[in-house]
*Asks:* 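Next up is a structure, given as structure tokens.
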Amino acid sequence: MHTVWKGAISFGLVHVPVKMFSATEDKDISMRYIHKECGSPLSYVRKCPVCEEEVGWEEITKGYEYEKGKFVLFEKDELEQLAEQNSKNITILDFVDLTEIDPIYFQKTYYLSPDQAGANAYRLLMEAMKESGKIGIAKISIRSKSSLAAIRVLDECLSIETIFYPDEIRPISQVPNLPEKTEVNSKELDMAKLLIDQLSTPFDPEKYTDDYRERLLEAINSKVSGEEIKIAPARQETNVVDLMAALQASIEAVKPIGTDPGTKATPRKTTRKTAAKEPAAKASGDDTDETPKPKRRAKAKKSEAGS
């Protein structure tokens with residue numbers, strides 16, 4: 001894994017040197033814009049609309065638009081000085097229960113490993129958090145972006161998840177067309193609860209698949225092989241007006257559970273056929289790295305503070 005950050009965790013007077021590694025990876029299939037006439041990939045040009053000339057990176061700085069058309073400018077070293085104070089330290093502010101944090105706050109997960117001679121302090125913090133059942137709320141600065149973060153234990157590893165600040169969460173009051181609070185039909189409510197009960201199962205992330213990515217990889221392989229692509233039309237959804245009938249039909253349809261197109265038939269781990277092979281190598285002369293990567297199973301992400 002590539003180290004994305006290096007510093008230390010501090011709680012009280014305890015100092016734990018750590019390295020940070022990204023715990024997730026984006027599996028989106030990257031596409032490029034291509035000139036239809038000649039088949040060449042397009043490039044983006046940094047051009048000044050006033051000077052009408054291309055601008056090199058050495059001529060570029062950053063600025064904040066405080067009024068329309070008016071900017072205050074910052075040099076790179078000025079921004080680095082502003083971020084320098086917190087850039088190498090993860091300061092734990094409080095310890096809380098994981099259940100107290102709504103999932104809307106979570107952003108991205110990283111793994112932490114001990115650095116240099118920090119193994120003993122790392123193990124001490126991890127064991128103390130496991131036995132207390134608490135997670136740490138900290139502040140961290142990554143790539144000049146300051147974030148709150150939650151430090152918790154995953155298996156035998158400390159992880160840190162960046163979380164939004166409260167003022168970065170949009171209020172629900174801004175959501176349009178929310179239904180007014182009214183009484184629901186008791187029979188429909190009982191049927192809905194029964195449907196939820198029949199669909200309830202232990203969470204197993206291994207059974208969920210990215211169907212769109214698999215279909216796209218298959219289409220890419222077919223095009224590379226010169227095959228004609230045939231896609232079956234999607235089944236038209238019917239607009240069911242009778243809610244009770246829809247609930248009853250849904251309950252009957254979930255026997256057995258696990259037939260949704262986005263899930264596998266069984267919750268336990270099974271040997272799956274390879275969905276789509278890696279597309280053929282690009283023609284020589286194309287030095288871009290846009291080849292879609294084959295699908296790999298994502299690592300399960302535990303939701304408990306300890307394991």
*Asks:* Of all heavy-atom pairs between Cys51 and Cys48, which one has the smallest distance, and what is that distance?
*Replies:* N-SG, 3.3 Å

*Asks:* A quick test of your reading: do over 12 heavy atoms of other residues, nucleotides or ligands sit less than 6.0 Å from OH of Tyr33?
*Replies:* no

*Asks:* If you define the side chain from C-beta out and look only at heavy atoms, does anything of Glu214 sit under 4.5 Å from Thr209?
*Replies:* yes

*Asks:* Just by modelled atom types, is the Ser141 backbone N or O under 3.5 Å from a matching donor or acceptor in the Trp5 side chain?
*Replies:* yes

*Asks:* Kindly determine whether Phe95 and Met129 satisfy side chain to side chain contact (heavy atoms under 4.5 Å, CB included), including the steps that lead there.
*Replies:* CA-CA 9 Å; Phe95 287 94; Met129 291 177 67; 4.2 Å; yes

*Asks:* Relative to Tyr64, does Lys62 satisfy both conditions: NZ or CZ under 6.0 angstrom from the six-membered ring centre, and within 45 degrees of the ring's axis?
*Replies:* no

*Asks:* Salt bridge check: are Glu127 and Lys130 linked by an N-O gap of less than 4.0 Å?
*Replies:* yes

*Asks:* State the CD-CD distance between Gln198 and Glu252, to the nearest 0.5 angstrom.
*Replies:*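 That separation rounds to 8.0 Å.
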
*Asks:* Please determine whether a side-chain nitrogen of the Lys or Arg among Glu53 and Arg46 lies less than 4.0 Å from a carboxylate oxygen of the Asp or Glu.
*Replies:*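 No salt bridge links Glu53 with Arg46.
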
*Asks:* Surrounding CG of Asn177 (heavy atoms of other residues, nucleotides or ligands, distance under 6.0 Å), is the total greater than 12?
*Replies:*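 Counting neighbours around CG of Asn177, 12 or fewer heavy atoms of other residues, nucleotides or ligands fall under 6.0 Å, so no.
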
*Asks:* Please tell me whether Phe74 and Val55 are part of a single hydrophobic cluster in this structure, the criterion being side-chain heavy atoms less than 4.5 Å apart.
*Replies:* no

*Asks:* Taking all non-hydrogen atoms of both residues, which atom of Gly118 and which atom of Pro17 are closest, and how far apart?
*Replies:*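 Smallest heavy-atom distance, with atoms named: CA-CD, 3.8 Å.
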
*Asks:* State, to 0.1 Å, how close Ile140 and Ala149 come at their nearest heavy-atom pair, and which atoms those are.
*Replies:* CG2-CB, 4.0 Å

*Asks:* Check whether any side-chain heavy atom of Lys19 sits under 4.5 Å from a side-chain heavy atom of Leu112, and report yes or no.
*Replies:* no

*Asks:* Distance from Arg152 atom CZ to Ser159 atom OG, nearest 0.5 Å?
*Replies:* 5.0 Å

*Asks:* Side chains of Tyr110 and Thr24: closer than 4.5 Å at any heavy-atom pair?
*Replies:* no

*Asks:* Do the side chains of Lys70 and Glu65 get nearer than 4.5 Å, heavy atoms only?
*Replies:* no

*Asks:* Using a 6.0 Å cut-off, check whether atom CG of Asn120 has over 12 heavy atoms from anything other than its own residue.
*Replies:* no

*Asks:* Apply side chain to side chain contact (heavy atoms under 4.5 Å, CB included) to Leu93 and Thr91, showing your working.
*Replies:* CA-CA 6 Å; Leu93 308 174; Thr91 306; 4.1 Å; yes

*Asks:* Which heavy atom in Pro166 sits nearest to a heavy atom in Tyr105, and how many Å separate them?
*Replies:* CA-CE2, 4.2 Å

*Asks:* Quick one: pull up CD in Glu161 and CG in Leu98 and give me the separation to the nearest 0.5 Å.
*Replies:* 8.0 Å

*Asks:* Taking atom CZ of Phe21 and atom SG of Cys157, what is their separation to the nearest 0.5 Å?
*Replies:* 9.0 Å

*Asks:* Counting neighbours of CZ on Phe71 that are heavy atoms of other residues, nucleotides or ligands and sit closer than 6.0 Å, is the number greater than 12?
*Replies:* yes

*Asks:* Return yes when atom CD of Glu59 has more than 12 non-hydrogen atoms of other residues, nucleotides or ligands closer than 6.0 Å, and no otherwise.
*Replies:*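 Enclosed: over 12 neighbouring heavy atoms sit under 6.0 Å from CD of Glu59.
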
*Asks:* Can you find a heavy atom in the side chain of Val16 that is under 4.5 Å from one in the side chain of Ile90?
*Replies:*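 Counting from C-beta outward, Val16 and Ile90 never come under 4.5 Å.
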
*Asks:* Is it possible for you to say whether Tyr212 and Leu217 belong to one hydrophobic cluster, with membership spreading through side-chain heavy-atom contacts below 4.5 Å?
*Replies:*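 Cluster IDs for Tyr212 and Leu217 match.
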
*Asks:* Starting from Ile151, can I reach Val4 by hopping between I/L/V/M/F/W/Y residues whose side chains sit under 4.5 Å apart?
*Replies:* yes

*Asks:* Got a salt bridge between Lys27 and Asp210, using NZ or NE/NH1/NH2 to carboxylate O under 4.0 Å?
*Replies:* no

*Asks:* Does Ile104, at its CD1 atom, have more than 12 non-hydrogen atoms belonging to other residues, nucleotides or ligands within less than 6.0 Å?
*Replies:*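 It does not: Ile104 CD1 has 12 such atoms or fewer within range.
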
*Asks:* Do Ser22 and Lys108 have side-chain atoms, one donor and one acceptor, less than 3.5 Å apart?
*Replies:*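 Side chains of Ser22 and Lys108: pair found under 3.5 Å.
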
*Asks:* Within a strict 4.5 Å, meaning less than it, do heavy atoms of the Val18 and Leu158 side chains meet?
*Replies:*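 Counting from C-beta outward, Val18 and Leu158 never come under 4.5 Å.
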
*Asks:* Start with the C-alpha distance between Met1 and Thr3, add both sets of side-chain angles, then the distance that settles side chain to side chain contact (heavy atoms under 4.5 Å, CB included), and finish with yes or no.
*Replies:* CA-CA 6 Å; Met1 288 186 180; Thr3 303; over 6 Å; no

*Asks:* Looking at Ile172, I want to see if its CD1 is surrounded by more than 12 non-hydrogen atoms of other residues, nucleotides or ligands under 6.0 Å.
*Replies:*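 No, CD1 of Ile172 has 12 or fewer neighbouring heavy atoms, counting only those of other groups under 6.0 Å.
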
*Asks:* Heavy atoms, side chains only, cut-off 4.5 Å: are His15 and Asn89 in contact?
*Replies:*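 The answer is yes, as the side chains (C-beta and beyond) meet within the 4.5 Å cut-off.
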
*Asks:* Might you point out which heavy atoms bring Ser147 and Gln107 nearest each other, and give the distance in Å?
*Replies:* OG-OE1, 4.0 Å

*Asks:* Looking at every heavy atom in both Leu42 and Arg32, which two are closest together, and how far apart are they?
*Replies:*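 Looks like O-NH2, 3.6 Å.
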
*Asks:* From Met126 CE over to Leu154 CG, what is the distance, rounded to the nearest 0.5 angstrom?
*Replies:* 11.0 Å

*Asks:* Is the closest side-chain donor-acceptor distance between Thr99 and Asp97 under 3.5 Å?
*Replies:*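 No, no side-chain donor-acceptor contact under 3.5 Å.
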
*Asks:* How long is the gap from CG on Asp211 to CZ on Arg215, to the nearest 0.5 Å?
*Replies:* 6.0 Å

*Asks:* Could you give me the CA-CA distance, side-chain angles and deciding distance for Glu218 and Arg213, then say whether salt bridge (charged side-chain N to carboxylate O under 4.0 Å, His left out) is met?
*Replies:* CA-CA 9 Å; Glu218 290 173 357; Arg213 181 155 55 90; over 6 Å; no

*Asks:* Same cluster or not: Val14 versus Ile160, using hydrophobic residues (I, L, V, M, F, W, Y) connected whenever any side-chain heavy atoms lie under 4.5 Å apart?
*Replies:* yes

*Asks:* Parallel, tilted or perpendicular for Tyr208 and Phe203, by the 30°/60° rule?
*Replies:*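 It falls in the parallel class, under 30°.
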
*Asks:* Is there a side chain to side chain contact (heavy atoms under 4.5 Å, CB included) between Ile142 and Met20? Walk through the geometry before answering.
*Replies:* CA-CA 10 Å; Ile142 306 173; Met20 179 185 293; 3.9 Å; yes

*Asks:* Are Tyr165 and Ile101 connected in the hydrophobic side-chain network, where two residues link if heavy atoms are under 4.5 Å apart?
*Replies:* yes

*Asks:* With a 4.5 Å heavy-atom cut-off, do Lys134 and Val96 have their side chains touching?
*Replies:* no

